[in-house]
Protein chains: 2
Amino acid sequence: MGSLTEENYIKSIYALSQATGEVFVSELARKLEVKLPTVNSMIKKLASKKIVAYAPYQGIKLTEKGKREALGIIRKHRLAELFLVKVMGLGWEEVHDIAEQLEHVNSTRFYARIDELLNYPGFDPHGEPIPDSNGKMQLQKRTSLSDLDEGEAATITAVANDEKTFLDHLNAKSLQIGDRISILKKELFDGSITLQLKSKKEVMLTHQVAERILVDTLNSK
Amino acid sequence: MGSLTEENYIKSIYALSQATGEVFVSELARKLEVKLPTVNSMIKKLASKKIVAYAPYQGIKLTEKGKREALGIIRKHRLAELFLVKVMGLGWEEVHDIAEQLEHVNSTRFYARIDELLNYPGFDPHGEPIPDSNGKMQLQKRTSLSDLDEGEAATITAVANDEKTFLDHLNAKSLQIGDRISILKKELFDGSITLQLKSKKEVMLTHQVAERILVDTLNSK
DNA sequence: ATATAATGTTAGACTAATCTAATAAATTAA
DNA sequence: TTAATTTATTAGATTAGTCTAACATTATAT
Ligand SMILES: [Mn+2]
Ligand SMILES: [Mn+2]
Ligand SMILES: [Mn+2]
Ligand SMILES: [Mn+2]
């Protein structure tokens, strides 16, 4: 087990690499809100621990060991979030910050029990897959709501952002995971979208918001 | 809020001061398993933050501010322990180490919710009083089982030690908080004690163990 | 009352994690 | 293909928390 700081680097490298595969020192510095030389020296340390592969001026890549560590932390984060919602009755908009702390708790027993109480869940409150204890997670299509065309229908499966301000916004528009929606209108000018909910209510979303909502277009009725 | 390290110093100072009022640098060093100069410099820092009062070669005393901080941490520790037992179904012998980590979680919401789910409990799974959000806790008599005489009866109200090995020992002897017991025999030679449980079963305890069991002698029928 | 033991302090060094300033390499644009 | 820009590295400093070695103070025991 590394330090809390190391864990946060590993988690961020994993998150950034999901898109591209490789991560640059500058990206990581931006994400972690530290300066470049700070990241540079931490990366050297993680490289010496065989958690990342790194050669100067090349990108950073997690090793298998690094990936395993990352998935372990992500597993704890997501289990914690679901536990906070399902067992403790907190809102999906307020659990991320607490999970940022709980993900560093070192106790197999604690997390095994959470997993058990939740009946080995596959997804967190934001629709993100929860890695199992071997790091395997269920696949999911991640189509952005902003990529749908007028007339199309879909089910909200996840959100690409855990921040309170974003989720408060969705709460205000009464959008939740699992909701069936259809696209009434898509503005060419600014990409904003008008949806119809199952309740027949109409909601307008800016492109910024829509692109962070992930949907499944299978008519899973 | 101080750092995790500072919080651990504050908690230990509080614990040690419960008996004596004043705490010596050496005691604290022993408890925290660090060397004297380490404590010396940390104490200077805590003094500059007005968390302790300290003059060289005198004892360390928590200020009001320090006491408030200490009680806040103890509150979180004990709420966490009870939550782990009552809501998560863990054993009283395995919760202390997890609570050592959870006590540093910084989230009013998390702890308010635990408090609420447990219905504002007064005591933790080891019988220790839980400070309320103002730092007030219920008084309790703390008579040690080793101070009772032959023939006396009492109810186990608390244990003076949270460690797994000790609690595993009590589990093996089937002793629990709330159990009514009576003293059958007290050996003068080594202070060991033989008890009778309500189930009529007899158990022998060494002095070492008996002195860590706290009882209430009121014949609370 | 002095020696011995126990306890506490100071000085100086180390590691982890951070920073700023200076420099170097790689990329992009003119 | 040189210049400008972006990106990364090195050097050196800082803070938190720890250590060892040397010294100082206080308490205790002849
Ligand atoms: Mn999250
Ligand atoms: Mn999430
Ligand atoms: Mn405890
Ligand atoms: Mn306890």
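In what follows, chains carry the letters A, B, and so on, assigned in the order in which the sequence lines appear, proteins first and then strands, with residues in each chain numbered from 1.
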Keeping to residues at least two apart or across chains, list the side chain to side chain donor-acceptor pair (under 3.5 Å) pairs with something in residues 19-46 of chain A. Glu6(A)-Lys45(A)
Considering the terminal five base pairs at each end of the helix from dA1(C)-dT30(D) to dA30(C)-dT1(D), what angle separates the two local helix axes, rounded to 10°? 10°
For [X], salt bridge (Lys or Arg N to Asp or Glu O under 4.0 Å) partners two or more places apart:
X	result
Glu81(B)	none
Asp115(A)	Arg75(A)
Lys173(B)	none

Name all residues meeting the side chain to side chain donor-acceptor pair (under 3.5 Å) criterion together with Ser192(B); count only those two or more places apart in sequence or in a different chain, and write none if there are none. Asp190(B)
For Arg142(A), check side chain to side chain donor-acceptor pair (under 3.5 Å) against everything at least two apart and list the hits. Glu128(A)
Rounded off to whole Å, could you give me the CD1-to-P distance for the Ile43(A) and dT18(C) pair? 12 Å
Find the distance Leu28(B):CG to dT18(D):P and express it as a whole number of Å. 11 Å
Kindly state which residues belonging to residues 4-13 of chain A come within less than 4.0 angstrom of DNA chain D, counting heavy atoms of the residue only, listed by number. none
Across nucleotides 3-10 of chain C, 5' to 3', mark each nucleotide with B, S or - according to how protein heavy atoms within less than 4.0 Å reach it. ----SBBB
Cut-off 3.5 Å, no hydrogens considered: what does the side-chain donor-acceptor table look like for residues 50-64 of chain A, sequence neighbours left out?
from     : atom 1 : to       : atom 2 : distance (Å)
Thr63(A) : OG1    : Lys50(A) : O      : 2.7
Thr63(A) : OG1    : Ile51(A) : O      : 3.1
Thr63(A) : OG1    : Lys65(A) : N      : 3.4
Thr63(A) : OG1    : Gly66(A) : N      : 3.0
Glu64(A) : OE2    : Lys67(A) : NZ     : 3.3

Without placing hydrogens or testing angles, list every side-chain donor-acceptor pair under 3.5 Å for residues 131-138 of chain A, not counting sequence neighbours.
from      : atom 1 : to        : atom 2 : distance (Å)
Asp132(A) : OD1    : Asn134(A) : N      : 2.7
Asp132(A) : OD1    : Gly135(A) : N      : 3.1
Asp132(A) : OD1    : Lys136(A) : N      : 3.1

So, using side chain to side chain contact (heavy atoms under 4.5 Å, CB included) as the criterion, who are the partners of Glu163(B) when residues are at least two apart? Asn161(B), Thr165(B)
